[in-house]
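From a predicted model like this one, the values you see are computed outputs, not experimental measurements.
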2 protein chains.
Amino acid sequence: MTKSAPRTRIQEKNRSAILEAGLEVFSKFGYRGSTVDKIAEAAGLSKPNLLYYFPSKEAIYLELLSGLLDTWLDPLRALNDDGKALPEILDYVGRKLDMARDFPRESRLFANEILQGAPRIEDALKGDLKTLVDEKAEVIRHWIAAGKIKDVDPHHLIFSIWALTQHYADFDTQVRAVLGGQDPFPGAEHYLEQLFTSRLKP
Amino acid sequence: MTKSAPRTRIQEKNRSAILEAGLEVFSKFGYRGSTVDKIAEAAGLSKPNLLYYFPSKEAIYLELLSGLLDTWLDPLRALNDDGKALPEILDYVGRKLDMARDFPRESRLFANEILQGAPRIEDALKGDLKTLVDEKAEVIRHWIAAGKIKDVDPHHLIFSIWALTQHYADFDTQVRAVLGGQDPFPGAEHYLEQLFTSRLKP
DNA sequence: CGTTGCTTTGACCACTTGGTCAAATCAAGC
DNA sequence: GCTTGATTTGACCAAGTGGTCAAAGCAACG
């Protein structure tokens with residue numbers, strides 16, 4: 001559920017333009033490095049006009065963050081105990097890697113917030129996120145008990161999937177510098193599939 | 001080689017106090033989020049006094065960064081073609097994980113810089129870093145050709161080691177939130193050892 | 001056309017921030 | 001104790017920042 005639903009078409013347009021601009025700017029400069037002026041310019045509005053739609057810089061940031069956390073966890077929610085364990089996990093890896101490729105700004109915004117100690121979403125991490133991860137760790141434990149995959153620590157398995165996929169979005173600059181500008185994603189997809197298959201296939 | 005060598009004992013003491021304070025503050029708030037006042041306070045100096053030792057906020061940041069990149073790459077430099085391939089790689093993983101545990105501020109400072117697009121160290125990444133990684137990739141390729149480890153893309157192997165180890169420093173907040181405050185490192189060490197052994201052991 | 005309510009803006013303000021500077025303090029050798 | 005050079009500081013400044021506000025523009029409807 002989004003904030004108080006905008007009524008007019010123009011409100012809807014401007015609010016979403018601001019959020020898009022906010023994502024662009026916040027993900028590039030971090031919260032402190034972003035200015036209301038920059039966001040306003042990116043959204044094609046004047047600063048006071050932007051502040052007519054959102055009460056403050058922080059309000060934009062918070063709305064982005066809360067929307068993001070959901071989107072970001074959707075692939076994990078989709079991880080279900082539907083028979084084939086390994087393909088299910090490989091699918092999750094693939095979906096996360098796709099997101100790193102297609103939504104790097106979202107990944108970086110999130111990374112920025114966690115790096116600063118997650119001051120604004122600590123509760124969500126200790127609450128919803130922990131609950132969801134614990135739940136999925138249980139699913140993985142069942143797969144292990146049933147002999148469908150090898151014995152691994154489910155939490156660290158999940159962490160490793162996050163780390164490996166998000167690395168390609170968050171550290172994009174470094175990865176491309178080392179690869180000499182070459183697109184990392186085809187290679188990454190193959191590498192990660194092999195990596196997790198080797199570790200998990202019984 | 002460090003900057004112009006400080007002459008007096010007091011200069012040495014204050015300069016290193018400032019660098020220590022800078023590391024503390026920059027790694028916590030990022031470049032833009034850090035103020036000269038905060039760094040000065042952490043170093044136990046007044047702002048003008050701090051600026052007597054360093055010409056600007058950026059100078060502190062740059063000196064930290066350039067010193068860091070070296071330290072950060074030392075473990076990779078130590079990766080040598082000395083017979084046993086897999087233990088060599090597992091050692092590298094272990095050393096990087098130790099650094100993530102013992103020097104998380106350094107890792108976060110670096111992560112912050114890369115996240116912002118590495119505006120101040122792009123050249124170093126495309127130069128020294130790429131050279132070093134390409135060189136070590138060649139070592140790994142030899143191991144593969146000699147049948148000492150399984151066939152993997154050397155660059156992505158190195159990326160995966162970086163991603164997995166630094167994740168525990170950079171995303172510490174998230175990891176601990178999900179684990180309910182439990183120390184992640186013992187579990188991480190075991191998980192990573194198994195992961196790379198499974199993938200690489202011929 | 002004129003009223004009404006949504007939208008936009010120029011001018012402005014208080015506060016933070018990086019950095020300067022002249023003057024004061026201090027330490028050490030003479 | 002006095003001189004000399006290193007160190008420290010209070011006062012200050014210009015630029016940038018988040019945010020306010022009253023007034024102006026604008027669209028739609030009677």
Could you give the CD-to-P distance, from A/Q11 to C/dG5, as a whole number of Å? 16 Å
Among pairs that include at least one residue of residues 170-182 of chain A, which meet side-chain hydrogen bond (donor to acceptor under 3.5 Å, both in side chains), considering only residues two or more places apart or in two chains? A/S107-A/D170, A/D172-A/R176
Are more than 12 heavy atoms, taken from residues, nucleotides or ligands other than B/Q194, located less than 6.0 Å from that residue's CD atom? yes
To the nearest Å, how far apart are A/K13 NZ and C/dC6 C1'? 14 Å
Just the rounded figure in Å: distance from C1' of C/dT16 to NZ of B/K38. 11 Å
Does any residue of residues 40-58 of chain B have a heavy atom under 4.0 Å from DNA chain C, and if so, which ones, in number order? B/K47, B/P48, B/L51, B/S56, B/K57
Between B/H190 and A/D153, does a side chain to side chain contact (heavy atoms under 4.5 Å, CB included) hold up when you go through it step by step? CA-CA 9 Å; B/H190 179 256; A/D153 182 308; over 6 Å; no
Could you tell me the separation between the OH atom of A/Y61 and the P atom of D/dG19, rounded to a whole number of Å? 15 Å
Compare side-chain N and O positions of A/R15 against OP1 and OP2 of C/dT7 and report whether any pair is under 4.0 Å apart. no
How many angstroms lie between NZ in A/K148 and CD1 in A/I140, if you round to the nearest 0.5 Å? 13.0 Å
Going by side-chain hydrogen bond (donor to acceptor under 3.5 Å, both in side chains), name the residues that satisfy it together with A/W143, two or more places apart in sequence or in a different chain. A/D81
Please give, in whole Å, the distance from D/dG19 P to A/I18 CD1? 13 Å
Please determine whether the number of non-hydrogen atoms from other residues, nucleotides or ligands lying under 6.0 Å from atom NZ of B/K126 exceeds 12. no
Separation of atom CG in A/D37 from atom P in C/dG10, rounded to whole Å: 13 Å
Rounded off to whole Å, could you give me the CZ-to-C1' distance for the B/F26 and C/dT17 pair? 13 Å
D/dG16 C1' sits how many Å from A/F29 CZ, rounded? 15 Å
Taking 4.0 Å as the cut-off, does a side-chain nitrogen or oxygen of A/R32 come that near to OP1 or OP2 on C/dT17? yes
